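Here's the structure, in structure tokens; my notes come after.
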Amino acid sequence: MAARTVLHEADISRALTRIAHEIIESNRGPDGLILVGIPTRGRYLAERLREQISRISGTEVPVGTLDVTLYRDDLGRQPVRSPQPTQMPGDVVDGATVVLVDDVLFSGRTIRAALDALGDHGRPRAVRLAVLVDRGHRELPIRPDFVGKNLPSAQSERINVRVTEVDGVDEVSIEDR
Ligand code: 5GP
Ligand code: MG
């Protein structure tokens with residue numbers, strides 16, 4: 001079946017701008033924030049949020065990426081994707097407010113693994129979650145603090161998230177697989 005576009009470039013841009021404002025508001029400013037993207041596309045979304053936070057507040061917040069592959073509880077059940085680089089800003093996780101950033105939230109297992117992986121880098125004061133799309137179907141008690149768009153989906157559907165840095169275009173579409 002043909003994919004139906006649910007977010008165009010301008011919608012994504014507006015959502016990320018709003019989320020940047022919400023992150024600053026809930027943290028009462030940009031101090032002590034770290035943005036940590038989950039590869040692949042979460043990393044680029046985290047960098048976009050950094051740009052927006054910088055534009056709004058004048059502060060450059062550190063950005064990292066966290067590969068969670070080896071922390072998954074379904075390791076061995078699914079084909080393992082080749083590990084992506086973890087690049088965490090040094091010595092800043094302790095006491096920081098870490099905002100995990102991912103493109104799609106589904107079962108919650110990736111974020112559970114990210115919490116485990118993050119523990120190797122220090123003890124944050126708090127961890128928050130920002131996602132571009134929440135498609136429902138949670139299997140764990142995890143909920144996002146900042147959401148671009150809630151897209152209730154059927155299990156059989158697939159959300160395609162495209163970002164310019166990887167895919168040459170900013171777009172979210174939904175299709176039956
Ligand atoms: P979860 O671990 O919550 O089941 O799935 C979230 C992770 O898998 C995210 O990193 C996300 O990139 C990917 N994912 C799960 N479902 C979808 C989907 O429908 N579309 C896309 N683009 N990614 C998904
Ligand atoms: Mg992903």
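Whatever order the structure lists ligands and atoms in, that order sets their numbers, starting from 1. In this chain, residues are counted from 1 in sequence order. Computed from a prediction, not measured in an experiment: that's the story for all the values here.
Heavy atoms of other residues, nucleotides or ligands lying less than 6.0 angstrom from CG of D94 number more than 12. Atom CZ of R55 sits in a crowded spot, with more than 12 heavy atoms from other residues, nucleotides or ligands closer than 6.0 Å.
Proximity of a side-chain donor or acceptor of S13 to a complementary backbone N or O of E9 within less than 3.5 Å is not detected.
Judged purely by distance below 3.5 Å, without hydrogens or angles, the side chains of R177 and S156 never pair a donor atom with an acceptor atom. Of the N and O atoms on the side chains of T97 and R125, at least one donor lies less than 3.5 Å from an acceptor on the other residue.
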May I have a table of the N/O to N/O pairs between ligand 1 and the protein that fall below 3.5 Å, each row giving the two atom names and the distance to 0.1 Å?
residue: ligand 1; atom: 2 (O); partner: T110; partner atom: N; Å: 2.8
residue: ligand 1; atom: 2 (O); partner: T110; partner atom: OG1; Å: 2.5
residue: ligand 1; atom: 3 (O); partner: F106; partner atom: N; Å: 3.0
residue: ligand 1; atom: 3 (O); partner: S107; partner atom: N; Å: 2.9
residue: ligand 1; atom: 3 (O); partner: G108; partner atom: N; Å: 2.7
residue: ligand 1; atom: 4 (O); partner: S107; partner atom: N; Å: 2.8
residue: ligand 1; atom: 4 (O); partner: S107; partner atom: OG; Å: 2.5
residue: ligand 1; atom: 10 (O); partner: D102; partner atom: OD1; Å: 3.3
residue: ligand 1; atom: 10 (O); partner: D102; partner atom: OD2; Å: 2.7
residue: ligand 1; atom: 12 (O); partner: D103; partner atom: OD1; Å: 2.6
residue: ligand 1; atom: 19 (O); partner: R135; partner atom: NH1; Å: 2.9
residue: ligand 1; atom: 19 (O); partner: I159; partner atom: N; Å: 3.1
residue: ligand 1; atom: 20 (N); partner: I159; partner atom: O; Å: 2.6
residue: ligand 1; atom: 22 (N); partner: R158; partner atom: NH2; Å: 3.3
residue: ligand 1; atom: 22 (N); partner: I159; partner atom: O; Å: 2.9

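Each of I174, D176, V172 was checked for a side-chain contact (heavy atoms from CB on, under 4.5 Å) with R4, and the lone residue meeting it is I174.
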